[in-house]
S.K.: 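Questions regarding the structure given below will be posed in turn.
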Amino acid sequence: MSDVIHNNPATTAPSTHRSASASKTYAAFVIIGLVLLLIAPAFLYPIFLMKLLCFALFACAFNLLLGYTGLLSFGHASFFGGAAYFTAHVVKEWGVPPEIGILIGVAGAALLGLIMGFFAIRRQGIYFAMITLALSQMFFFFCLQASFTHGEDGIQSVPRGHLFGFIDLANTTNMYYFVLAVFLVGMIVIWRFINSPFGMILKSIRENEQRAISLGYSVSRYKLGAFVMSAALAGLAGGTKALVFQFATLTDVGWQMSGEVILMTLLGGIGTLIGPIFGAGLVVALQNYLATSQFPVTVITGIVFMVCVLVFRRGIVGEFYASRLGRKLGFEHRR
């Protein structure tokens with residue numbers, strides 16, 4: 001009987017139609033978003049846009065671990081700030097090209113993720129979160145004491161250099177489109193990762209870890225793989241950010257940065273591909289436009305977060321997907 005139901009055209013056709021309609025609508029939104037990003041420098045401050053893209057990628061990398069694997073890390077600033085330090089150091093002191101500097105930053109963040117993840121995945125829940133926080137604080141004090149980080153002064157006056165030897169990144173327009181390209185590459189990697197068989201297994205671990213174990217999956221290996229991938233993508237965002245602002249400081253590796261990326265992800269919507277982008281945009285916009293006002297930025301951000309938690313419990317994008325319009329467009333399963 002179940003085979004008849006599953007193969008009944010009357011039941012499968014509407015579902016297939018909704019899925020195809022959702023894919024077309026989603027593709028249209030993506031195209032519109034790309035067009036807006038391409039023309040955005042003509043209307044908005046490019047440095048603000050580059051900061052937004054870097055933090056959006058950082059939030060999406062964090063969401064890969066929290067939203068799709070169910071692991072809450074309080075130590076992601078280590079990967080973001082660590083890659084910023086690695087990239088800034090090799091570009092300034094070794095004179096390597098910017099693209100190589102970013103790759104070195106990504107490799108360093110992935111190595112940190114491998115070391116931290118090896119210890120952290122042995123525990124679950126709050127214990128996992130506390131281990132990541134403790135290891136992150138250890139790395140923070142290492143950065144404070146290490147000679148190559150220059151302590152509280154940080155690494156300053158980092159040259160942007162020439163991309164591939166001939167594209168001058170000192171030009172703000174060139175730098176913006178480079179950051180946009182990095183962001184798009186990172187998003188494509190995340191999309192491919194979560195829609196691969198590996199990503200499907202991560203979702204099953206998130207939903208029911210014991211069942212995944214009973215099916216014969218090595219849960220620890222999959223968790224470690226997700227942790228390293230999330231760390232590497234966070235490093236990609238951190239290394240790019242170091243070139244944009246031409247410095248790397250202790251702020252990038254502080255626990256406040258880890259809390260900030262959690263805030264961005266929660267505001268946008270956990271477990272949604274584009275939710276963290278909206279969350280990062282909201283937080284960065286508040287920081288940017290309230291910085292010169294008399295209002296305390298942290299207080300306003302906290303109030304916004306509280307309102308969003310009370311009104312949008314699934315996050316901004318998550319609530320849209322669950323709304324009547326979202327269901328009509330077929331987004332209820334777009335996760």
Side-chain angles (χ1 to χ4, degrees), residues 53-55 57-62 64-65 71 73-121 131-161 163 169 178-179 182-183 185-186 189-190 193 223-255 257-258 260-261:
L53 290 174
C54 290
F55 278 96
L57 180 57
F58 183 27
C60 289
F62 174 78
L64 181 64
L65 189 64
L71 299 175
S73 168
F74 281 133
H76 256 54
S78 295
F79 316 129
F80 181 79
Y85 272 121
F86 299 148
T87 299
H89 177 74
V90 299
V91 169
K92 182 177 181 180
E93 302 297 335
W94 297 358
V96 303
E99 66 274 15
I100 302 300
I102 290 177
L103 290 177
I104 291 175
V106 171
L111 180 60
L112 281 174
L114 180 63
I115 296 172
M116 291 178 61
F118 176 79
F119 295 101
I121 62 170
I131 289 174
T132 57
L133 177 60
L135 293 173
S136 177
Q137 285 300 100
M138 290 174 62
F139 184 73
F140 172 84
F141 286 111
F142 166 78
C143 292
L144 180 62
Q145 299 294 332
S147 59
F148 81 96
T149 64
H150 302 286
E152 295 181 354
D153 294 331
I155 304 176
Q156 303 181 24
S157 303
V158 178
R160 291 179 177 175
L163 182 66
L169 295 184
F178 171 62
V179 173
V182 170
F183 170 76
V185 168
V189 170
I190 293 173
F193 190 79
K223 284 183 177 180
L224 183 59
F227 199 96
V228 173
M229 177 60 73
S230 179
L233 290 167
L236 179 62
T240 305
K241 184 252 184 190
L243 292 182
V244 170
F245 292 98
Q246 299 183 273
F247 61 78
T249 66
L250 290 173
T251 303
D252 298 328
V253 293
W255 63 267
M257 185 64 71
S258 294
E260 199 168 291
V261 74

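Numbering of residues begins at 1 and proceeds along the displayed sequence.
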S.K.: Restricting to ring pair (Phe, Tyr, Trp, His ring centres under 6.0 Å), what partner residues turn up for Phe80, sequence neighbours left out?
M.R.: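 Phe55, Phe58.
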
S.K.: Tell me which donor-acceptor pairs under 3.5 Å the side chains of residues 246-255 have, and how far apart each pair is, sequence neighbours excluded?
M.R.:
{"unit_1": "Gln246", "atom_1": "NE2", "unit_2": "Val158", "atom_2": "O", "d": "2.9"}
{"unit_1": "Thr249", "atom_1": "OG1", "unit_2": "Thr251", "atom_2": "N", "d": "3.4"}
{"unit_1": "Asp252", "atom_1": "OD1", "unit_2": "Lys241", "atom_2": "NZ", "d": "2.7"}
{"unit_1": "Asp252", "atom_1": "OD2", "unit_2": "Lys241", "atom_2": "NZ", "d": "3.4"}
{"unit_1": "Asp252", "atom_1": "OD2", "unit_2": "Thr249", "atom_2": "N", "d": "3.3"}

S.K.: Locate the shortest heavy-atom distance separating Thr240 from Leu236; write the atom from each residue and the value.
M.R.: OG1-O, 2.7 Å

S.K.: At their closest point, which heavy atom of Gln156 faces which heavy atom of Lys92, and how far apart are they?
M.R.: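 Taking every non-hydrogen atom into account, O-NZ, 2.6 Å.
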
S.K.: With sequence neighbours left out, what residues match Ser73 under side-chain contact (heavy atoms from CB on, under 4.5 Å)?
M.R.: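 For Ser73, the residues satisfying side-chain contact (heavy atoms from CB on, under 4.5 Å) (neighbours in sequence not counted) are Phe62, Leu65, His76, Phe128, Thr132.
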
S.K.: Just by distance, do the side chain of Ser230 and the backbone of Ala226 share a donor-acceptor pair under 3.5 Å?
M.R.: no

S.K.: Just how far is it from atom CD of Gln137 to atom CZ of Phe74, taken to the nearest 0.5 Å?
M.R.: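 The CZ atom of Phe74 is 12.0 Å from CD of Gln137, to the nearest 0.5 Å.
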
S.K.: Who pairs with Phe118 by ring pair (Phe, Tyr, Trp, His ring centres under 6.0 Å), at least two apart in sequence or on another chain?
M.R.: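 Phe118 satisfies ring pair (Phe, Tyr, Trp, His ring centres under 6.0 Å) with no other residue.
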
S.K.: Calculate, to the nearest 0.5 Å, the distance between atoms CD1 and SG belonging to Ile155 and Cys143 respectively.
M.R.: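 Rounded to the nearest 0.5 Å, the CD1-SG separation comes out at 9.0 Å.
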
S.K.: What heavy-atom pair brings Leu224 and Ile121 nearest, and what distance separates the two atoms?
M.R.: CB-CD1, 3.8 Å

S.K.: Within the 4.5 Å heavy-atom criterion, are Val179 and Cys54 side-chain neighbours or not?
M.R.: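 Side chain of Val179 against side chain of Cys54, heavy atoms only: contact under 4.5 Å found.
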
S.K.: Could you tell me which non-hydrogen atom of Ser78 sits nearest to which non-hydrogen atom of Ser136, and how far apart they are?
M.R.: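 Here Ser78 and Ser136 meet closest at OG-OG, 3.0 Å.
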
S.K.: Would Leu57 and Leu53 count as a side chain to side chain contact (heavy atoms under 4.5 Å, CB included) if you check the C-alpha gap in whole Å, the side-chain angles of each, and the deciding distance to 0.1 Å?
M.R.: CA-CA 6 Å; Leu57 180 57; Leu53 290 174; over 6 Å; no

S.K.: Is there side-chain contact between Arg160 and Phe178, with heavy atoms separated by less than 4.5 Å?
M.R.: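 A side-chain contact is absent here, since even the closest heavy-atom pair is not under 4.5 Å.
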
S.K.: Between Gly113 and Ala231, which heavy-atom pair has the shortest distance, and what is it?
M.R.: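 The pair with the smallest heavy-atom distance is CA-CB, 3.8 Å.
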
S.K.: Can you sort out the partners of Ala146 under side-chain contact (heavy atoms from CB on, under 4.5 Å), two or more places apart, ordered by chain and number?
M.R.: Phe142, Phe148, Thr149

S.K.: Could you go step by step and tell me if Phe139 and Phe79 meet the side chain to side chain contact (heavy atoms under 4.5 Å, CB included) rule?
M.R.: CA-CA 10 Å; Phe139 184 73; Phe79 316 129; over 6 Å; no

S.K.: Please tabulate, for the side chains in residues 96-110, all donor-acceptor contacts under 3.5 angstrom to protein atoms that are two or more places apart in sequence or on a different chain.
M.R.:
{"unit_1": "Glu99", "atom_1": "OE1", "unit_2": "Phe164", "atom_2": "N", "d": "3.4"}
{"unit_1": "Glu99", "atom_1": "OE2", "unit_2": "Phe164", "atom_2": "N", "d": "3.4"}

